[in-house]
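The first residue of the sequence shown is numbered 1, and numbering continues consecutively from there.
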Amino acid sequence: MTLVIAQLLGTDVAPALAVDVEVIAPNVTACFEEPFIHPVWMNIYPLDDGGFLLAGDTEGNVMGNAPGAAGILDAEATTLSPLFTNAHVYNRFWSPVPLAGGGYAMLTHTKEGKDDMFAEVAILRVRDGEIVGVDTLAPGDGQITPWLFPAEDGYFVFFGERRERDRRGGTFHVPTLEKRNVDGEVLWRHVFGQHELSLSGGRPVDGGTVFYGSLEEQETGTRNDFGVALKMSDTGELLWLTESPSEYIKSYADGLITEDGGLLAAGAYTRLVSATDGVYEYNGILARFAPDGTLLWERMYHFEEDNFVGFASILATSAGYYVRATETGWYGRPRVLTLDKAGEVTAHWVVEPEAGWDTVRAAIYCVGETLHLFTAEKHEANTEAGAEGAPTRIRVMTIPVVP
């Protein structure tokens with residue numbers, strides 16, 4: 001294992017007015033009224049064929065104890081189909097992933113109550129419309145939210161393994177990554193130790209898988225979340241782990257494998273400008289890692305707007321990248337940027353929602369060079385009262401601009 005404490009190499013800040021922000025009304029190609037999955041708390045997983053794997057519940061309530069719901073939106077955005085028929089016997093689903101050879105896996109919590117919603121978690125394995133396996137994680141995983149990540153021959157499970165304290169009593173949780181095959185059998189397990197590690201995703205590379213996310217630094221007495229990337233071998237060995245320091249909270253939300261086998265990670269960097277006044281600066285961020293984990297460069301993208309937060313996902317195109325950005329607040333407008341291969345912003349769009357509707361979840365994908373935007377929306381008529389009862393819909397639209 002090589003632990004690299006990386007400085008912000010080659011970091012710069014994009015000029016705030018380098019590109020004018022264009023507000024657009026995209027071309028809507030499909031709309032599904034009152035879908036069986038509620039937009040609030042919906043998880044979206046883009047499939048290789050251009051479709052989406054969706055997981056959530058039927059009501060969108062904050063307690064998480066509504067009946068679970070999962071489905072598939074096909075690549076042509078013509079059909080939204082339930083994934084399996086007996087979903088209602090479980091609570092909310094999240095973190096769905098496809099399995100090699102067909103089928104899917106996802107998480108569900110089995111104990112009701114907001115404070116304890118992750119106290120007992122089960123992994124459901126679904127094939128041909130039926131649940132073929134239920135694997136329960138150890139109770140007490142609540143301090144670290146479990147997530148699944150796809151693998152070429154199974155899937156990864158990231159969760160907090162409960163440990164008993166020796167002297168002070170009680171329990172604590174250590175970040176743990178498992179590799180399982182398509183039948184749910186544990187192939188290997190790696191425990192990272194007592195660190196506040198959070199993983200957002202992973203990408204297969206030669207000799208293993210590269211993961212990305214954040215790592216909370218605990219020695220300073222104040223919160224500092226570093227961006228982090230790490231590589232696990234095919235046999236479960238931690239090959240390298242690289243941290244990128246921050247001045248408050250930095251996290252990588254998505255990533256691409258580069259032509260040389262390195263990682264290009266996209267995320268958000270919230271900098272603490274004034275602790276006295278509670279002033280923060282919000283930035284998008286790109287970070288480029290070499291195949292051996294060396295942080296080659298990291299760049300911040302700062303926009304002088306109060307509602308800009310950071311980057312949520314990234315796609316490669318023939319000319320550069322599409323990046324989806326987020327706004328502050330529960331119902332922010334989708335934003336899409338195009339970047340050339342050097343990382344320069346060439347366009348910045350804000351997708352204005354239809355009057356009376358709030359965008360709750362969003363995702364982007366490409367068909368050829370055409371960008372498609374997926375949105376899960378809720379009518380604002382019941383925004384103040386809560387999620388239940390408000391009209392909902394899913395829309396697919398195109399933004400026909402090539403970077």
Taking all non-hydrogen atoms of both residues, which atom of D340 and which atom of Y321 are closest, and how far apart? O-CD1, 3.8 Å

Identified salt bridge (Lys or Arg N to Asp or Glu O under 4.0 Å) counterpart of R333 within the set E377, E354, E352: E352

Quick one about E76 and T78 (side-chain donor to acceptor, distance below 3.5 Å, no hydrogens or angles considered), yes or no? no

Chi angles and distances behind the salt bridge (Lys or Arg N to Asp or Glu O under 4.0 Å) call for R203, D254: CA-CA 10 Å; R203 302 288 182 181; D254 197 10; 3.0 Å; yes

I would like to know whether R92 and E59 meet salt bridge (Lys or Arg N to Asp or Glu O under 4.0 Å); could you show each step before the answer? CA-CA 9 Å; R92 176 188 302 152; E59 299 176 9; over 6 Å; no

Taking E185's backbone N and O only, do any of them form a donor-acceptor pair with D183's side chain (distance below 3.5 Å, no angle check)? no

Is it the case that over 12 heavy atoms from other parts of the model lie below 6.0 angstrom from the CD atom of E33? yes

Can a salt bridge be assigned to the pair R288 and D260 using a cut-off of 4.0 Å between side-chain N and carboxylate O? yes

Determine, stepwise, if the pair V228 / T242 fulfils side chain to side chain contact (heavy atoms under 4.5 Å, CB included). CA-CA 6 Å; V228 67; T242 303; over 6 Å; no

Could you label the plane-to-plane angle of the F158 and F149 rings as parallel, tilted or perpendicular, counting under 30° as parallel and over 60° as perpendicular? tilted

Is any side-chain heavy atom of V323 closer than 4.5 Å to one of L339? yes

Under a 3.5 Å distance rule, please check whether S198 uses its side chain to pair with a backbone N or O of S214 as donor and acceptor. no

T29 and T398: side-chain donor and acceptor closer than 3.5 Å? no

Cation over ring, R393 on W357, under 6.0 Å and within 45°? yes

Beyond-backbone contact of N27 with M397, side-chain heavy atoms, under 4.5 angstrom: no

Could you tell me whether a side-chain N or O of D57 sits under 3.5 Å from a main-chain N or O of P67, the two making a donor and an acceptor? no

Quick one: do D153 and K179 satisfy salt bridge (Lys or Arg N to Asp or Glu O under 4.0 Å)? Show the steps, please. CA-CA 9 Å; D153 54 351; K179 172 73 177 295; 2.9 Å; yes

Taking 4.0 angstrom as the limit, do E243 and K250 come out as a salt bridge? no

For I399 and V336, work out which heavy atoms get closest and say how close. CD1-CG2, 4.2 Å

Is the distance from the ring center of H190 to that of F192 below 6.0 Å? yes

Do other residues, nucleotides or ligands put more than 12 heavy atoms under 6.0 Å from the CG atom of D48? no

